[in-house]
Protein chains: 2
Amino acid sequence: MADSPSFLNDQKQTLQINKKAGSEALVEPLKLGERVKALRLSQNLTLEEAAQRAGLARSTLSKIENEQVSPTFAVVSKLVAGLGINIPQLFTQPEPEQTGGGRRDITRAGQAEPHPTKTYDHELHATQLSQKKMIPFKTRVHARSIDEFGQWVRHGGEEFLYVLSGEVMLYTEFYEPVALSTGDSAYYDCTMGHALVSLSEQDAEVLWVTA
Amino acid sequence: MADSPSFLNDQKQTLQINKKAGSEALVEPLKLGERVKALRLSQNLTLEEAAQRAGLARSTLSKIENEQVSPTFAVVSKLVAGLGINIPQLFTQPEPEQTGGGRRDITRAGQAEPHPTKTYDHELHATQLSQKKMIPFKTRVHARSIDEFGQWVRHGGEEFLYVLSGEVMLYTEFYEPVALSTGDSAYYDCTMGHALVSLSEQDAEVLWVTA
DNA sequence: AATATATGTTTCCTATAGGAAACTTTTGCT
DNA sequence: AGCAAAAGTTTCCTATAGGAAACATATATT
């Protein structure tokens, strides 16, 4: 594929593996009751209110929270719907607070990891961090015509694009091309083919973040 | 909480609701049985084998797969453990492959949705799109001292920060403050307290993307 | 084809989940 | 403190989930 930034695919892989690993912990010791209670309290709901919303009996909820019963799937569903919880949230351990889990990575203006292609010159930021949710990179767009792309660039996820300097034309598979000037941004689904060309004299510079 | 960008939480909400919506289908119509069966077959297991692994009776599994019962949470747990499934996988609909899923939203330089706080002036981008993975916003930092923040700004997810103009000091809970100039970026875990102040004469401008 | 074997379903019974109401504890008010 | 109202727990009963075994169906094996 023409100029599809290969590092994007790499990361995708990693991401998926992580998610899986994350929810794996829950195998047994998952304290469902605790979680439900925490979630209920976080919404400042009383047993009565919560039960009402979920269409359950006060008593039932109480028992669930105190781990006195193993609720039926139907009940869990009601709970989820009623309290506006989402399943992963319910079943995923409250994140052991990623002990010491505050990561940070600084990338200096000139120091980003270069990644040149025929049409773009990418500079990867935050390369010290693996398993991150987003991939940020700054790109110099030297393509001047859509013809320079063999075919649509296309990959998984969503992309946020911000024009740092110059002017670009954003071509996408399902929309008319749109011109973007400095300060404009676009957010789009990357499974849709997309390509960027510079309209300005100088190569345009854009910031891209993929997730 | 001081200046914690409320829209982040908002979005969180939305996200949850959305995901919920996603899994809401499950309120009732979620065909748990189908999913279990599919997962079992995908591992080429017979009812007997699967039941064995999960520590359940063959009959029980059969009933579950045929939606004749609403399994107890305990049973679901056993299933999950026994078959090596993970919960989200079980409860998340197999993604209808987002048919025709090519979305796009353009935000013009001056047109972003303003969101002023005491310390920052945020401008939200891509507000036409809901359920997106990232929340991009451009921010003018008018705080000049860390004291202007009551306490750490802290929320879920990860954040990418890119300095568009001016110079800022990035304070984080677990690291020494670091100065960032135009073109520098930072990527960090948002559960770690963080705050930004302008060092330059003019208010600094940064681009933030949260996921 | 007939029989054996394995896979999936249904039945029947016991254990337990869910709801209504009684009971207990906590919170707020004068 | 004493009372009232609200929040949470326990009890009791009915509905239903889970397991063992009987039954039915599909898949070899000779």
Side-chain angles (χ1 to χ4, degrees), chain A residues 26-87 89-92 94, chain B residues 20 23-94:
Chain A
L26 75 109
V27 179
E28 259 322 299
L30 172 62
K31 287 285 176 284
L32 180 69
E34 270 180 27
R35 297 251 52 218
V36 171
K37 184 164 191 174
L39 287 164
R40 173 173 65 84
L41 292 177
S42 78
Q43 296 188 43
N44 275 90
L45 294 176
T46 71
L47 269 184
E48 180 60 41
E49 293 169 323
Q52 201 99 52
R53 293 201 192 184
L56 295 174
R58 204 161 72 246
S59 54
T60 306
L61 237 186
S62 169
K63 290 179 210 166
I64 292 174
E65 291 191 354
N66 295 301
E67 324 261 353
Q68 294 178 8
V69 299
S70 175
T72 269
F73 178 71
V75 166
V76 174
S77 296
K78 286 189 186 177
L79 256 179
V80 164
L83 299 192
I85 325 172
N86 64 18
I87 310 251
Q89 183 184 4
L90 224 196
F91 294 90
T92 295
Chain B
K20 184 185 127 209
S23 11
E24 182 131 81
L26 87 110
V27 175
E28 265 321 302
L30 169 60
K31 290 289 177 275
L32 180 70
E34 269 181 26
R35 299 250 51 220
V36 171
K37 185 164 190 174
L39 287 164
R40 173 173 66 84
L41 292 178
S42 78
Q43 296 188 42
N44 274 92
L45 295 175
T46 71
L47 269 186
E48 180 61 40
E49 292 168 323
Q52 201 99 53
R53 291 201 192 184
L56 294 174
R58 207 163 70 245
S59 55
T60 305
L61 237 186
S62 169
K63 289 178 209 165
I64 292 173
E65 291 192 353
N66 294 301
E67 324 261 353
Q68 295 178 7
V69 298
S70 175
T72 270
F73 178 71
V75 167
V76 174
S77 297
K78 285 188 187 176
L79 256 179
V80 164
L83 298 193
I85 325 172
N86 64 18
I87 309 251
Q89 184 184 0
L90 225 195
F91 293 89
T92 296
Q93 288 295 34

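Predicted model, so just to flag it, every value in this text is computed and none were measured. Reminder, nothing fancy here: chain letters follow the sequence lines and each chain counts from 1.
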Quiz item: Which of residues 47-61 of chain A have a heavy atom under 4.0 Å from DNA chain D?
Solution: A:L47, A:R58, A:S59
Self-check item: Axial bend angle, the helix from C:dA1-D:dT30 to C:dT30-D:dA1: five-pair end segments, nearest 10°
Solution: 30°
When rounded to the nearest 0.5 angstrom, what is the spacing between [atom1] in [X] and [atom2] in [Y]?
X: B:E34; Y: B:I64; atom1: CD; atom2: CD1; value: 14.5 Å
X: A:L79; Y: A:L39; atom1: CG; atom2: CG; value: 9.5 Å
X: A:R40; Y: A:L47; atom1: CZ; atom2: CG; value: 4.0 Å

Self-check item: Contact boundaries on DNA chain C for chain B, cut-off under 4.0 Å to non-hydrogen atoms
Solution: C:dT7 to C:dA17
Practice problem: Select base, sugar-phosphate, or nothing to describe what B:E65 touches, counting heavy atoms under 4.0 Å on all strands. | Solution: nothing
Quiz item: Are the side chains of B:L32 and B:P71 in touch, meaning some heavy atoms are under 4.5 Å apart?
Solution: yes
Quiz item: Are the side chain of B:T46 and the backbone of B:E49 linked by a donor-acceptor contact shorter than 3.5 Å?
Solution: yes
Quiz prompt | Whichever of B:T46 and A:V75 has its nearest DNA chain C nucleotide further upstream toward 5' | solution = B:T46
Quiz item: What are the two closest heavy atoms between B:S70 and A:A74, and how far apart are they?
Solution: OG-N, 2.7 Å
Quiz prompt | Atom-to-atom span, CG of A:L45 to P of D:dA7 - whole angstrom | solution = 11 Å
Exercise. Provide, to the nearest angstrom, the distance between the NZ atom belonging to A:K37 and the P atom belonging to D:dG8.
Key: 8 Å
Using atom types as modelled, flag every donor-acceptor pair under 3.5 Å from a side chain in residues 52-61 of chain A to any protein atom, sequence neighbours excluded.
unit_1 : atom_1 : unit_2 : atom_2 : d
A:R58  : NH1    : A:E48  : OE1    : 3.0

